[in-house]
Amino acid sequence: MCPNDYQIAAWVDGLLNETEKKEITEHINHCPQCLEKVFFLKKTLYREKYFISKKSLLERIVVFFEKELLKIKEIPNNFQSNLLQYSYREENILKNYLEISMEDVNLILEKEDDFLKLTLSGTGECTLSDKNKRILFSGKVSQKPFFLLNLKESYFLSTETKRVELYAESTNDKTGVES
Amino acid sequence: MLDDREIKSLILHYQNNKDKDNTFNRIKEILSEYIYHFPAIAFDSYEEDDKGDFYLYISDRLEKILTEYQVQENCLFKTYFYLVLRRHYLNFIKSSTREKKWKTESIKEETVSYQDKNKEDENNDLEKVSLLLASLPPFYRLILKLRCPDFLSPEDFLEIEKYFHLKPGEMIEKLNIILEDIREKEQKRIQFLSAKTKSPKNPYRFFPIASPQAIAKMLNIYPRQVSKWLFEIKKIAQQKIGEAYVP
């Protein structure tokens, strides 16, 4: 008799005692349906990491952007409040990315395990450098270059008239963008 | 990621009618990503319509799923939930025209945005491996699938038993050896590329591949034997598809 789904799941999770494990393994050796189920679980649990966000990182980024917009609005008149325009839609959380438009240069930020993937696009030119002023990229963004940013560092992206800093704050463990 | 303790505690609250609406909404919020991406994760179905429709399909049934779930069982909620989603998805695609659409739609990559040029390369690589698999004798086909585990299917474990006299159940358990090997290599690759000054051209493999060492460990043989087989596959590839290609 086939084990139930709870038992199959526990087998995959490695949470059975030796006797139960041995019994179910022996059953799987001879049952194509159960073999298919455990294979399905193994593969799915492995593949999910490519799809499911580490929500804490992405949520922090999104929340920080929103806070930044509010902050910009409150700054006095000599600060250009339209420096940073971004499009944020609810489904972006599910798609794990955020888009920011800086006139003719667009930034797409995506979660990649413990890194932030930055993709540049548009028609303009920009310079990307790290906190030590080492230039990582300089030129037109039409080829859509992309980078994996380790957010233990700070990075600066500059167009002709705008500048964005990408960083993580270690005190609050907060990640965000500031212009 | 899904906190097993948290979700089980919430489900228990829900089953005990404690602040039922809010608890249900919180559970739904936690599970939404897993439900939404499930067609892509488990069945390579990337169509937004399918994902959205399946999400609604499960939303209608989620209360029943949660009510019937036995919290005291000894498994992680997520693992069990994937089996539940699988069962529902198979019913979902059988309804009306879904099955036909699912079988004829081609696979599309969409969760990670590659440069357009990379997308063409990715499809080429997938095609090459598929072509190669079709041209190989059964034994070498199996070896290549172990090298590229994305192409593995449950039936291949019966083949492993046939050639290596290793039981399918034990081999499925040992599949972790290959998957962990791939995970480690990818992590190192990403870390290496992030340290580079120039923007990487192709930072990602379009599908993960396992090392000969990992395959050998899984099959309980020497790595040099696996390397020998991969070399033979390369020679066959040269003959059959005109290119000495092995991922």
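Because the structure is predicted, anything quoted here is derived from the model rather than measured. Letters go in sequence order (proteins before strands), and every chain restarts at 1.
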Handout entry: Side chain, backbone, both or neither of A:K21 within contact of chain B (heavy atoms, under 4.5 Å)
Key = side chain

Fill in the blank from the handout: So, the part of A:F40 with a heavy atom under 4.5 Å from chain B: the answer is side chain

Practice task
Check side chain to side chain contact (heavy atoms under 4.5 Å, CB included) between B:E6 and all other residues, then give those that pass, not counting sequence neighbours.
Solution key: B:D3, B:L10, B:R26, B:I30

Practice task
Quick one: list whatever passes side chain to side chain contact (heavy atoms under 4.5 Å, CB included) with B:T67, sequence neighbours left out.
Solution key: B:Y14

Exercise for the section: Look only at the side chain of B:N74 and the backbone of A:L15, and say whether a donor-acceptor pair between them is shorter than 3.5 Å. Expected result: yes

Exercise for the section: State whether the side chain of A:D13 and the backbone N or O of B:L76 hold a donor-acceptor pair below 3.5 Å, judged by distance alone. Expected result: yes

Rounded at 0.5 Å granularity, tell me how far [atom1] in [X] sits from [atom2] in [Y].
| X | Y | atom1 | atom2 | answer |
| --- | --- | --- | --- | --- |
| A:F39 | B:F157 | CZ | CZ | 5.5 Å |
| A:T44 | B:F38 | OG1 | CZ | 6.0 Å |
| B:I41 | A:Y46 | CD1 | OH | 13.5 Å |

For [X] and [Y], which heavy atoms make the closest approach, and how far apart are they?
| X | Y | result |
| --- | --- | --- |
| B:C75 | A:A10 | CB-N, 3.5 Å |
| A:L41 | B:T79 | CD2-O, 3.4 Å |
| B:L179 | A:K42 | CD1-O, 4.2 Å |

Counting only non-hydrogen atoms closer than 4.5 Å, does [X] touch chain A with its backbone (N, CA, C, O), its side chain (CB onward), both, or neither?
| X | result |
| --- | --- |
| B:Q70 | both |
| B:F81 | neither |
| B:Y69 | both |

Practice task
Could you please state which residues from residues 169-177 of chain B sit under 4.5 angstrom from chain A, measuring non-hydrogen atom to non-hydrogen atom, sorted by number, or 'none'?
Solution key: B:G169, B:E170, B:I172, B:E173, B:L175, B:N176

Practice task
Kindly indicate whether the side chain of B:R86, heavy atoms from C-beta on, has any atom under 4.5 Å from the side chain of A:E36.
Solution key: yes

Handout entry: Flag if over 12 foreign heavy atoms under 6.0 Å of CG, B:D60
Key = yes

Practice task
May I ask you to check whether over 12 heavy atoms, not counting those of B:K8, lie within 6.0 Å of atom NZ?
Solution key: yes

Fill in the blank from the handout: chain B shares the most heavy-atom pairs under 4.5 Å, among A:K43, A:Q7, A:H30, with A:K43

Exercise answer: donor-acceptor pairs, residues 158-168 of chain B side-chain atoms, under 3.5 Å, sequence neighbours excluded:
none

